[in-house]
*Asks:* 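Attaching a single structure in structure tokens format; questions to follow.
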Protein chains: 2
Amino acid sequence: MPPLKLPPDSLDLAQILKASGVKATVQRLEIYRELSGSMQHPDAEAIYRGVRRRIPTVSLDTVYRTLLLFLKLGLVSSLRLPHERIRFDPNLTPHHHLVCTRCGRVQDFTHPDFDALKVPEAAQSWGVIEKMQVEIRGQCERCARQTKPGRSRSLIQTKEEPK
Amino acid sequence: MPPLKLPPDSLDLAQILKASGVKATVQRLEIYRELSGSMQHPDAEAIYRGVRRRIPTVSLDTVYRTLLLFLKLGLVSSLRLPHERIRFDPNLTPHHHLVCTRCGRVQDFTHPDFDALKVPEAAQSWGVIEKMQVEIRGQCERCARQTKPGRSRSLIQTKEEPK
DNA sequence: TCCTAAATAGTAATGAATATCAGATAGTAA
DNA sequence: TTACTATCTGATATTCATTACTATTTAGGA
Ligand SMILES: [Mn+2]
Ligand SMILES: [Mn+2]
Ligand SMILES: [Zn+2]
Ligand SMILES: [Zn+2]
């Protein structure tokens, strides 16, 4: 169901980096490999843990710096969720997100109706559009299932609260 | 968690708070008034500055705590942009966002095509949907105008304080 | 008015994200 | 291959948004 993992395999990533005038270090290649091999929209920490299995001496700072570099080069995108760290997305193809507000899982999806959407005129006159993306929030099936029915976490009390 | 869907003008906010079992303090009323009077999706700092004009002793911590409380009560929503602070949105009606990636301005908009969107089947089976929102990113007219059509995809954003 | 749990102000602590800098390295030229 | 050097990395320090702590104040009910 998730769209397929896209382009730059680590082989031509080296080319891209060089063409961009930056060095193709082993750290950068491994960080990209770690990110592009994940469907989870991981944060810098998760990528750090993964890369460290292959480069035990890599520093978290290098991971952050490298991901920022990838962003600047347009090789990845980022997204932010409430109360969470910056997360990174190697999928550059147009797509949308399903976000679980409980466990934080983010899943890509595409849909013909969404792809057919035209940028509204009001947006055109607002400025120069770069990207249009739909975000659907809710609870994934697993999280929804483990919610105890009748036990609301709301602070809002219904009219009659027995004391 | 957010079952209450009142469009609260600051007058009945006191009622809502009491009905929720929390105290209707002057700080809370003023913080809500400051937020609901803004169309800028301000962050906690901006709200703090505004409220301080009326309550000079208010603390930033109280602003944060109060906004978190409002979130929990479903009285406001929040959004996060890359490299920016949490921003708050008093507009509870379904709407979408125009986001300027340079100055950070966020503008609400609605559009019939978007309102007509149905949640895809794939999303239905993914879990329980709470909200579907379109985010359009780009550069607002003013920001686009003051940049030559060059490629300045810099991460460094000139921050202009809303309001 | 009085009482008490809840809320606030002031301040400290936390933690994600960046910056600094001495030493290592990639890419290049000889 | 070797040497050169600008770039890059790892370790560490720093920044800054957000959250936690706590003594004092206050909202709201009795
Ligand atoms: Mn994605
Ligand atoms: Mn909004
Ligand atoms: Zn979930
Ligand atoms: Zn702008």
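Just so it is clear, the values below take in all heavy atoms, side chains as well, and ignore hydrogens, waters and symmetry mates. Numbers restart at 1 for each chain; the letters A, B, ... are given by sequence-line order, proteins then strands.
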*Asks:* In whole angstrom, what separates B:E45's CD from D:dA17's C1'?
*Replies:* 8 Å

*Asks:* What nucleotide among D:dT9, D:dT18, D:dT19 has an atom nearest to a side-chain atom of A:H83?
*Replies:* D:dT19

*Asks:* Which residues pass the side chain to side chain donor-acceptor pair (under 3.5 Å) test with A:E84, not counting sequence neighbours?
*Replies:* A:R87

*Asks:* At a heavy-atom distance below 4.0 Å, which nucleotide of DNA chain C is the first touched by chain B, and which is the last?
*Replies:* C:dA5 to C:dT18

*Asks:* Let me check the geometry of the helix from C:dT1-D:dA30 to C:dA30-D:dT1. What is the bend angle between the axes at its two ends, five pairs each, to 10°?
*Replies:* 40°

*Asks:* Got a sec, which pairs hit salt bridge (charged side-chain N to carboxylate O under 4.0 Å, His left out) with one end in residues 41-50 of chain A, sequence neighbours left out?
*Replies:* A:D43-A:R85

*Asks:* What residues, two or more places apart in sequence or in another chain, satisfy side-chain contact (heavy atoms from CB on, under 4.5 Å) together with B:K23?
*Replies:* B:T25, B:R28

*Asks:* Any salt bridge (charged side-chain N to carboxylate O under 4.0 Å, His left out) pairs touching residues 122-137 of chain B, not counting sequence neighbours?
*Replies:* B:E135-B:R137

*Asks:* Can you find a heavy atom in the side chain of A:I16 that is under 4.5 Å from one in the side chain of A:L73?
*Replies:* no

*Asks:* Please list all pairs meeting ring-ring contact (aromatic ring centres under 6.0 Å, His included) that have one or both residues in residues 107-147 of chain B, counting only residues at least two apart or in different chains.
*Replies:* B:H96-B:F109, B:H96-B:F114, B:F109-B:F114, B:H111-B:F114

*Asks:* Given atom CD1 of A:I31 and atom P of D:dG10, what is their separation to the nearest angstrom?
*Replies:* 8 Å

*Asks:* Do B:L81 and B:I86 belong to the same hydrophobic cluster, where Ile, Leu, Val, Met, Phe, Trp and Tyr are linked whenever their side-chain heavy atoms lie under 4.5 Å apart, directly or via other members?
*Replies:* no

*Asks:* With a 3.5 Å cut-off and sequence neighbours excluded, list the donor-acceptor pairs that the side chains of residues 53-63 of chain A form with protein atoms.
*Replies:*
{"from": "A:R54", "atom 1": "NH1", "to": "A:E30", "atom 2": "OE1", "distance (Å)": "2.2"}
{"from": "A:S59", "atom 1": "OG", "to": "A:T62", "atom 2": "N", "distance (Å)": "3.1"}
{"from": "A:S59", "atom 1": "OG", "to": "A:T62", "atom 2": "OG1", "distance (Å)": "3.0"}
{"from": "A:D61", "atom 1": "OD2", "to": "A:R65", "atom 2": "NE", "distance (Å)": "2.9"}
{"from": "A:D61", "atom 1": "OD2", "to": "A:R65", "atom 2": "NH2", "distance (Å)": "2.8"}
{"from": "A:T62", "atom 1": "OG1", "to": "A:R65", "atom 2": "NH2", "distance (Å)": "3.1"}

*Asks:* Atom CG of A:L29 and atom C1' of D:dT9: how far apart are they, to the nearest Å?
*Replies:* 14 Å

*Asks:* Taking side chain as C-beta onward, heavy atoms only, is A:E121 less than 4.5 Å from A:S125?
*Replies:* yes

*Asks:* Given side chains that start at C-beta, do those of B:L35 and B:P42 come closer than 4.5 Å, heavy atoms only?
*Replies:* yes

*Asks:* Got B:I136 and B:V99 here, is their nearest side-chain heavy-atom distance under 4.5 Å?
*Replies:* no

*Asks:* Separation of B:L69 atom CG from D:dT18 atom P, in whole Å?
*Replies:* 17 Å

*Asks:* Enumerate the residue pairs fulfilling ring-ring contact (aromatic ring centres under 6.0 Å, His included) with a member in residues 62-86 of chain A, sequence neighbours excluded, ordered by first and then second residue.
*Replies:* A:Y32-A:F70

*Asks:* I want to confirm an ordering. Mapping A:R65 and A:D43 to their closest nucleotides on DNA chain C, which one lands closer to the 5' end?
*Replies:* A:D43

*Asks:* Expressed as a whole number of angstroms, how long is the span from A:R80:CZ to D:dA17:P?
*Replies:* 12 Å

*Asks:* If I take atom NZ in residue A:K72 and atom P in nucleotide D:dT7, what distance separates them, rounded to the nearest angstrom?
*Replies:* 13 Å

*Asks:* Sorted by first residue and then second, give each ring-ring contact (aromatic ring centres under 6.0 Å, His included) pair with at least one member in residues 34-53 of chain A; sequence neighbours left out.
*Replies:* A:H41-A:H97

*Asks:* Are A:D108 and A:T93 side-chain neighbours, meaning at least one heavy-atom pair lies under 4.5 Å?
*Replies:* no

*Asks:* Measure CD1/A:I86 against P/D:dC16 and give the value in whole Å, please.
*Replies:* 16 Å

*Asks:* May I ask you to list the residues of residues 51-64 of chain A, by number, that have any heavy atom positioned under 4.0 Å from an atom of DNA chain C?
*Replies:* A:D61, A:Y64

*Asks:* Restricting to nitrogen or oxygen on both sides, can you table the protein-nucleotides 26-30 of chain D pairs closer than 3.5 Å?
*Replies:*
{"from": "D:dA27", "atom 1": "N3", "to": "B:K23", "atom 2": "NZ", "distance (Å)": "3.2"}
{"from": "D:dG28", "atom 1": "OP1", "to": "B:A24", "atom 2": "N", "distance (Å)": "2.9"}

*Asks:* What is the separation between atom CG on B:L68 and atom C1' on D:dA17, rounded to the nearest whole Å?
*Replies:* 13 Å

